[in-house]
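Okay, so here's the structure we're looking at.
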Amino acid sequence: MTFKILLQYILPHRLLSRLVYWGTRWTFVPWKNWLIGTIVRNYGVNMAEAAQPDPLAYQHFNAFFTRKLKPGARTADADPAALLSPADGRISQAGRIVDGRIFQAKGQDYSAAELLGNETAAAPYRNGRFVTVYLSPRDYHRVHMPLAGTLKETVHVPGRIFSVAPFAVAAIPRLFARNERLVCHFEGEHGPFVVVMVGAILVSSVATVWDGLVIPPYAPAIRRKSFAGQNVTLARFAEMARFNMGSTVIVLLPEGTAKLDALEPQQAVQVGQRLGQLARTN
């Protein structure tokens, strides 16, 4: 085990994430300008596509990090049967779920039941398809719908807050099934699907368009919230949530819902980009 990985186990994850949560909302001008400038320079953030292109005009770092884009900066694939990327970032992994197991990295996998926090909820995805998208600090951090759906339930699953950077994904067993996360269950034209917002160290803060800030607070136990009968329906490509700092999004689809394109690890993707072809409905 390398020292870098050892740190992932011994650092006080939640304490550090709480400190970062407040630090990224501090409006003290020299502080927030230094933070924003550091990220823009070190990660080559493309501010030309932002609705507010001046990075120092944002009230605090988190406002910059969750910035809106200009109209037309992202568009949905023109084919209504295309499965869309839910986020800007890079493909971590994508492919078939094999007997309920999801591939994480060479020598590493985890179960859909662990990820979703429930064996029954995972049953439709036993031999389905998955796409995992990693967001880096340079990326647009709003998450959009991969296809249209009606929200049925959210499940806030407690856990660790390991880094989700490639070095950690390759080395930490069952990482995505161990980190704090928000599982969003939808029903669409093609059946059920899931979008999972996975937290990460210095990152674990998630807000949704229907509930506002959901994480923090961090969960001491699994928390379920039903949306049955509330008609929370979101269109394909509509914004659904955002990470306050970056992380990972995982989409699960039942078998027969879609055929994925040839997606390669570390392939760059953008919101609205085609990831595969949905099964045609009558």
Side-chain angles (χ1 to χ4, degrees), residues 83-97 100-105 108-126 128-135 141-147 149 151-164 168-169 172 174-188 191-200 203-211 214-215 218-219 222-225 227 232 234 239-254 257-258 260 269 271 275:
L83 175 70
L84 304 181
S85 174
D88 281 16
R90 292 186 178 274
I91 298 294
S92 177
Q93 297 291 340
R96 184 181 170 216
I97 303 169
R101 305 296 298 183
I102 302 172
F103 185 66
Q104 175 176 301
Q108 308 285 359
D109 66 7
Y110 57 95
S111 75
E114 289 179 298
L115 180 70
L116 304 185
N118 184 278
E119 191 80 42
T120 301
Y125 308 101
R126 181 172 181 81
R129 300 294 182 268
F130 78 97
V131 179
T132 304
V133 180
Y134 165 67
L135 293 76
H141 278 84
R142 300 191 182 201
V143 178
H144 292 239
M145 294 290 286
L147 61 159
L151 182 66
K152 295 301 181 182
E153 182 184 45
T154 60
V155 184
H156 181 178
V157 185
R160 299 296 300 271
I161 317 177
F162 292 115
S163 170
V164 292
V169 171
I172 298 176
R174 303 171 27 258
L175 187 153
F176 298 126
R178 296 168 70 179
N179 272 18
E180 193 105 6
R181 57 202 178 276
L182 183 71
V183 179
C184 304
H185 290 274
F186 293 94
E187 185 70 27
F193 65 95
V194 175
V195 181
V196 184
M197 308 276 290
V198 183
V203 169
S204 192
S205 179
V206 175
T208 66
V209 299
W210 55 82
D211 255 351
V214 180
I215 307 173
Y218 300 114
I222 290 179
R223 294 173 173 169
R224 302 180 185 279
K225 184 173 181 178
F227 289 85
V232 180
L234 299 175
E239 182 183 334
M240 60 164 285
R242 68 184 66 174
F243 285 112
N244 300 304
M245 301 290 282
S247 194
T248 293
V249 182
I250 303 173
V251 178
L252 303 187
L253 302 165
T257 299
L260 298 181
V269 292
V271 166
L275 299 181

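Note: hydrogens, waters and symmetry copies are ignored here, and every other heavy atom, side chains too, is used.
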State, with a plain yes or no, whether a side-chain heavy atom of Met240 is found less than 4.5 Å away from one of Trp210.
yes

In Å and rounded to the nearest 0.5 Å, what is the CG to CD distance from Leu234 to Glu239?
10.0 Å

Does the pair Thr132 and Val198 meet the rule for a side-chain contact (heavy atoms from CB on, under 4.5 Å), with working shown?
CA-CA 10 Å; Thr132 304; Val198 183; over 6 Å; no

Would you check if Ile172 and Arg178 make a side-chain contact, meaning some heavy-atom pair closer than 4.5 Å?
yes

Applying ring-ring contact (aromatic ring centres under 6.0 Å, His included) to Phe193 and not counting sequence neighbours gives Phe186

Is it the case that atom CD in Glu119 sees more than 12 heavy atoms from other parts of the structure closer than 6.0 Å?
no

Could you give the distance from CG (Asp211) to CD1 (Ile215), rounded to the nearest 0.5 Å?
11.5 Å

Within this structure, what is the CZ-NE2 distance for the pair Arg224 and His185, rounded to the nearest 0.5 Å?
7.0 Å

If you apply the rule side-chain contact (heavy atoms from CB on, under 4.5 Å), what do you find for Asn179 with Thr248, and how did you get there?
CA-CA 11 Å; Asn179 272 18; Thr248 293; over 6 Å; no

Is it true that a side-chain atom of Gln108 and a backbone atom of Ala105 form a donor plus acceptor pair closer than 3.5 Å?
no

Answer yes or no: is there a side-chain heavy-atom contact under 4.5 Å between His141 and Leu135?
yes

Looking only at heavy atoms, the pair that brings Arg129 and Ile97 closest together is O-CD1, 3.7 Å

Yes or no on side-chain contact (heavy atoms from CB on, under 4.5 Å) for Ile161 and Tyr218, after CA distance, side-chain angles and deciding distance?
CA-CA 10 Å; Ile161 317 177; Tyr218 300 114; 3.9 Å; yes

Please name the pair of heavy atoms, one in Val169 and one in Ser92, separated by the smallest distance, quoted to 0.1 Å.
CG1-OG, 4.3 Å

Can you check whether Leu175 reaches Tyr110 side chain to side chain, under 4.5 Å on heavy atoms?
no

Correct closest heavy-atom pair for Leu275 and Ser85 would be CD1-CA, 3.4 Å

Counting C-beta onward and ignoring hydrogens, is there a side-chain heavy-atom pair between Leu147 and Leu83 closer than 4.5 Å?
yes

Is there a side-chain contact (heavy atoms from CB on, under 4.5 Å) between Thr154 and Leu182 once you walk through the steps?
CA-CA 7 Å; Thr154 60; Leu182 183 71; 4.1 Å; yes

Identified side chain to side chain donor-acceptor pair (under 3.5 Å) counterpart of His156 within the set Lys225, Arg181, Glu180:
Glu180

Closest heavy-atom contact between Ala200 and Val164?
CB-CG2, 3.7 Å

Between atom CZ of Arg242 and atom OG of Ser247, what is the distance when rounded to the nearest 0.5 Å?
15.5 Å

How close do Leu151 and Cys184 get, counting heavy atoms only, and between which atoms?
CD1-CB, 4.3 Å

Contact check, side chains of Val249 and Phe243, non-hydrogen atoms, under 4.5 Å
yes

Can you name the closest pair of heavy atoms from Ala168 and Ser163 and give their distance?
CB-O, 3.2 Å

With the side chain counted from C-beta on, respond yes when Phe130 and Gln93 share a heavy-atom pair under 4.5 Å apart, and no when they do not.
yes

Would you indicate whether the side-chain heavy atoms of Pro86 and His144 approach each other to under 4.5 Å?
no

